[in-house]
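Note on naming: letters A, B, ... go to the chains in the order of the sequence lines (proteins, then strands), and numbering restarts at 1 for each one.
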Protein chains: 2
Amino acid sequence: MSLAHAILGLLQQEEMTGYDLKTSCFDQCIAHLWPADQAQIYRTLDKLVEQGWTTCKVEIQRDRPNRKVYSVTEAGIAELIQWLQCHQPLPKVREPLLIQLFFAAQLPNEAIIQLLKQQLAARHEKLAECESIELPTLGDQSASREQILQRLVLELAIRREETYIDWLKTAIDAIRHQ
Amino acid sequence: MSLAHAILGLLQQEEMTGYDLKTSCFDQCIAHLWPADQAQIYRTLDKLVEQGWTTCKVEIQRDRPNRKVYSVTEAGIAELIQWLQCHQPLPKVREPLLIQLFFAAQLPNEAIIQLLKQQLAARHEKLAECESIELPTLGDQSASREQILQRLVLELAIRREETYIDWLKTAIDAIRHQ
DNA sequence: CTTTTATATAGGATTAATCTAATATTAGCA
DNA sequence: TGCTAATATTAGATTAATCCTATATAAAAG
């Protein structure tokens with residue numbers, strides 16, 4: 001599971017609690033990349049400890065629940081590096097809109113166009129979100145190795161949205177002039 | 001759930017058994033659009049009957065298990081048409097490769113490039129699959145309404161793969177000349 | 001003075017997807 | 001003669017994702 005390895009990757013950069021992972025990683029930079037909710041993160045941390053890939057120091061606090069700070073073990077780092085090099089199968093994308101379009105023949109043209117326009121708006125919004133993330137551009141000589149890789153990931157996210165927007169426009173046109 | 005509505009859409013074109021749905025729809029034209037396995041299809045058919053959206057005629061066969069032929073009810077058609085017009089949320093795409101790239105900083109360049117090349121090959125393969133599906137092109141005046149819509153869906157699938165391939169080439173280049 | 005936000009974790013429940021095995025018969029192939 | 005593929009359905013099990021609730025307290029906001 002990639003979530004486990006994403007968590008290993010994050011903990012390797014810095015030891016953290018489940019709460020930290022959620023609020024400063026999965027709600028921020030990784031949000032558009034690999035969404036995960038609190039329950040998933042805590043349960044995955046438990047599994048990582050079971051596997052021996054992370055350890056957990058409990059910091060006792062009187063005023064609130066104890067903090068459990070997780071860090072990666074040697075075995076965890078080995079596992080991460082090994083996983084990073086394994087070819088992963090292409091994800092299966094299930095797109096409700098495509099099912100709708102596939103069976104839309106009995107809808108009037110305006111109804112189909114309305115559907116496509118709603119998607120177009122949603123895609124524009126997502127593109128704007130991606131573009132608001134600040135990272136050095138690809139040509140930038142001062143960018144670190146990490147930054148280049150993160151930029152590449154962001155670059156795909158942006159291109160993906162642009163492809164959608166383009167296609168939606170083509171589709172609206174095709175249905176209009178049909 | 002879109003699977004239920006995809007099945008309604010298919011049954012509306014023609015009444016069918018669960019086996020037919022699997023072998024002549026979900027393994028063929030819908031395969032790259034909404035993969036579904038046999039267990040899911042049968043269970044969804046049960047749910048559709050419960051909901052009153054389909055009915056089921058049992059054809060008794062002596063030599064093999066009875067065929068259960070499903071067809072859509074009035075209520076089912078109403079439900080489908082209503083669903084076809086509802087804005088669906090954008091799917092969340094979880095791409096293991098992006099997690100890998102995001103944390104790939106400690107890998108040597110050749111390892112990263114190898115990973116990207118494997119993806120490139122897989123994407124080329126998928127693109128070829130999409131391109132092998134025969135449907136009238138978008139400009140074709142003789143195309144039916146159904147065919148135009150199906151062409152549009154296919155068009156997106158193709159563009160999606162092309163975007164990937166382009167991006168993978170850029171990424172390989174960026175890492176090489178880093 | 002009350003409500004919200006932040007800190008921090010645990011665990012039950014549900015849905016969707018995937019895998020697996022069981023059942024039963026015919027037809028074709030080697 | 002024995003094996004495999006095709007036809008057709010049922011059901012158990014597991015994993016992943018999502019939601020929701022519970023617990024506990026401090027600080028800030030209104």
Side-chain angles (χ1 to χ4, degrees), chain A residues 1-7 11 15-28 30-51 54 56-70 88-96 99, chain B residues 1-7 11 15-28 30-51 54 56-70 88-96 99:
Chain A
M1 218 219 338
S2 303
L3 178 59
H5 295 93
I7 290 179
L11 290 181
E15 55 171 38
M16 271 186 276
T17 66
Y19 188 81
D20 295 335
L21 279 167
K22 174 63 179 152
T23 54
S24 60
C25 303
F26 284 94
D27 285 349
Q28 312 285 326
I30 326 266
H32 67 288
L33 204 119
W34 202 279
D37 85 336
Q38 164 263 106
Q40 251 177 300
I41 292 169
Y42 280 106
R43 271 191 261 256
T44 303
L45 283 170
D46 290 344
K47 264 197 346 193
L48 289 176
V49 173
E50 264 178 58
Q51 289 270 324
T54 60
C56 161
K57 289 175 293 186
V58 180
E59 285 180 14
I60 287 143
Q61 302 193 120
R62 299 244 165 75
D63 47 347
R64 30 189 107 147
N66 295 337
R67 282 162 58 83
K68 295 168 88 174
V69 182
Y70 293 87
Q88 301 298 125
L90 305 190
K92 293 179 182 171
V93 183
R94 289 183 171 86
E95 196 106 31
I99 295 290
Chain B
M1 218 219 338
S2 303
L3 178 59
H5 294 93
I7 291 179
L11 291 180
E15 55 170 41
M16 271 184 278
T17 66
Y19 188 81
D20 295 335
L21 279 167
K22 175 64 179 150
T23 54
S24 59
C25 302
F26 284 93
D27 285 349
Q28 312 285 327
I30 327 267
H32 67 288
L33 203 119
W34 202 278
D37 85 335
Q38 161 263 105
Q40 252 177 300
I41 292 169
Y42 280 105
R43 270 192 260 259
T44 303
L45 283 169
D46 290 343
K47 263 197 347 193
L48 289 176
V49 172
E50 263 178 57
Q51 289 269 325
T54 60
C56 161
K57 288 177 294 185
V58 180
E59 285 181 12
I60 287 145
Q61 303 192 122
R62 298 241 168 80
D63 46 347
R64 29 189 108 148
N66 295 336
R67 280 162 60 84
K68 294 169 89 175
V69 182
Y70 293 87
Q88 301 298 125
L90 305 190
K92 293 180 181 170
V93 183
R94 288 183 172 86
E95 196 105 30
I99 296 289

Where do [X] and [Y] come nearest, in terms of heavy atoms and distance?
X        : Y        : result
Trp34(B) : Phe26(B) : O-CD2, 3.4 Å
Asp37(B) : Lys22(B) : CA-NZ, 4.0 Å
Pro35(A) : Arg94(B) : O-NH2, 2.7 Å

- Would you say the side-chain atoms of Tyr70(B) pair up with the backbone N or O of Asp46(B), donor to acceptor, closer than 3.5 Å?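 Between the backbone of Asp46(B) and the side chain of Tyr70(B) there is no qualifying donor-acceptor contact (under 3.5 Å).
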Under 4.0 angstrom between [X] side-chain N/O and [N] OP1 or OP2:
X        : N       : result
Arg94(A) : dT18(C) : yes
Tyr42(B) : dT10(D) : no
Lys22(A) : dT7(C)  : no
Thr17(B) : dT9(D)  : yes

Interatomic distance, [X] [atom1] vs [N] [atom2] [rounded to whole Å]:
X        : N       : atom1 : atom2 : value
Glu95(B) : dA16(D) : CD    : C1'   : 17 Å
Asp27(B) : dA6(D)  : CG    : P     : 12 Å
Ile7(A)  : dA16(D) : CD1   : P     : 12 Å
Ile99(A) : dA16(C) : CD1   : P     : 14 Å
Leu3(B)  : dA17(C) : CG    : C1'   : 10 Å
Trp34(B) : dT18(C) : CH2   : P     : 11 Å
Leu45(A) : dA10(C) : CG    : P     : 9 Å
Ile41(B) : dT7(D)  : CD1   : C1'   : 15 Å

- Task: Please tell me which of the listed nucleotides, dT18(C), dT9(D), dT18(D), lies nearest to the side chain of Tyr19(B)?
- Result: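 The closest nucleotide is dT9(D).
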- Message: Given dT9(D), dA16(C), dT18(D), identify the nucleotide with an atom nearest to the side chain of Lys68(B).
- Response: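 Closest of the options to the side chain of Lys68(B): dT9(D).
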- Query: Are Ile7(B) and Thr54(B) close enough that some pair of their side-chain heavy atoms sits under 4.5 Å apart?
  - Reply: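 Ile7(B) vs Thr54(B): side chains apart.
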- Message: Reading DNA chain D from 5' onward, which residue's closest nucleotide shows up sooner: Asp37(A) or Arg43(B)?
- Response: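 Per heavy-atom nearest nucleotide, the more 5' residue is Arg43(B).
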- Task: Report the residue (Lys92(B) or Ala39(B)) whose heavy-atom-nearest nucleotide on DNA chain D is the more 5′ of the two.
- Result: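 Whichever sits nearer the 5' end wins; that is Ala39(B).
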- Message: With a 3.5 Å cut-off and heavy atoms only, can you find an N or O donor on one side and an acceptor on the other between the side chain of Gln38(A) and the base of dA8(C)?
- Response: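 Answer is no: no donor-acceptor pair is held.
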- Using a heavy-atom cut-off of under 4.0 Å over every strand shown, decide if Ala36(A) touches base, sugar-phosphate, or nothing.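 No contact.
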